[in-house]
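Heads up: numbering here begins at 1 and tracks the sequence.
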Amino acid sequence: ADLLAKIEREAGDLRSQFITSIPGQETTYILKENEALAWDEGVSDPADFPYLRQEASAKGISIAELVAEILGTATLWRALNPKIEASRTAAKVAVLAADSIAAKQAAAIVNWVGLL
């Protein structure tokens, strides 16, 4: 159980280097990305895009610049997060399948940095 918890903690620590891990933030990221995907420069009404409008104003940038930032970040995250999840899952499966304490300890060692 301790080794499985260690794997979970380490995966979370790595994810926390790239995302803000606070209650409600994941939903906020999704809503912002949805707005960014729906944004059509020159056509969309900023009033219909509260996240984009307010964040762009807070940052002092255009909505188009913010859309590029949000979509770029989402693309990078979609490339990294599946690697983290696969490594987390594989390590847990290996720990559970190992037949000795030493083998379980070895299976719980994940090269998280190698994912970057």
Side-chain angles (χ1 to χ4, degrees):
D2 288 343
L3 293 173
L4 298 177
K6 170 192 166 298
I7 293 164
E8 297 288 4
R9 188 174 50 257
E10 290 175 353
D13 289 347
L14 181 60
R15 285 181 173 127
S16 292
Q17 292 179 35
F18 302 96
I19 61 171
T20 305
S21 183
I22 57 174
Q25 194 61 44
E26 183 175 355
T27 301
T28 301
Y29 285 146
I30 292 167
L31 293 169
K32 286 170 44 174
E33 183 181 6
N34 287 343
E35 284 192 8
L37 289 167
W39 178 259
D40 186 359
E41 185 69 27
V43 176
S44 296
D45 181 351
D48 295 332
F49 295 82
Y51 284 97
L52 297 180
R53 180 175 38 83
Q54 292 181 41
E55 186 170 335
S57 176
K59 289 183 168 186
I61 61 175
S62 71
I63 291 178
E65 290 171 303
L66 181 60
V67 165
E69 179 183 309
I70 290 168
L71 296 180
T73 299
T75 297
L76 293 173
W77 181 244
R78 280 197 173 73
L80 176 59
N81 196 39
K83 294 176 187 178
I84 296 171
E85 184 62 9
S87 295
R88 182 189 74 81
T89 301
K92 289 175 63 177
V93 167
V95 166
L96 292 171
D99 58 3
S100 71
I101 299 258
K104 287 180 183 298
Q105 289 171 332
I109 297 171
V110 180
N111 180 10
W112 300 109
V113 176
L115 301 179
L116 306 177

Has the side chain of [X] got a donor or acceptor atom that lies under 3.5 Å from a matching backbone atom of [Y]?
X      : Y      : answer
Ser57  : Arg53  : no
Lys32  : Ile70  : no
Asn111 : Gly114 : yes

Phe18 and Trp77 aromatic ring geometry - parallel, tilted or perpendicular at 30°/60° bounds: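 The arrangement is tilted - the two ring planes meet at 30° to 60°.
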With side chains defined as the heavy atoms from C-beta onward, is the minimum distance between [X] and [Y] less than 4.5 Å?
X      : Y     : value
Gln105 : Leu3  : yes
Val67  : Glu41 : no
Tyr51  : Thr28 : yes
Ile63  : Phe49 : no
Trp112 : Arg88 : yes

Pairwise distance CG(Leu80) to CG(Leu14) - rounded to 0.5 angstrom: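 Result: 6.0 Å between the selected atoms.
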For [X], look at atom [atom1] and say whether over 12 heavy atoms of other residues, nucleotides or ligands are found less than 6.0 Å away.
X     : atom1 : result
Gln25 : CD    : yes
Ile22 : CD1   : yes
Asp40 : CG    : yes

Identify whether the distance between the nearest side-chain nitrogen and carboxylate oxygen of Glu8 and Lys92 falls below 4.0 Å.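 Yes, this pair counts.
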Indicate yes or no: does Lys59 engage Glu65 in a salt bridge with an N to O separation below 4.0 Å.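 Salt bridge absent between Lys59 and Glu65.
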Indicate whether any N or O donor in one side chain lies under 3.5 Å from an N or O acceptor in the other, for Tyr29 and Thr20.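 Indeed, the side chains of Tyr29 and Thr20 share at least one donor-acceptor pair under 3.5 Å.
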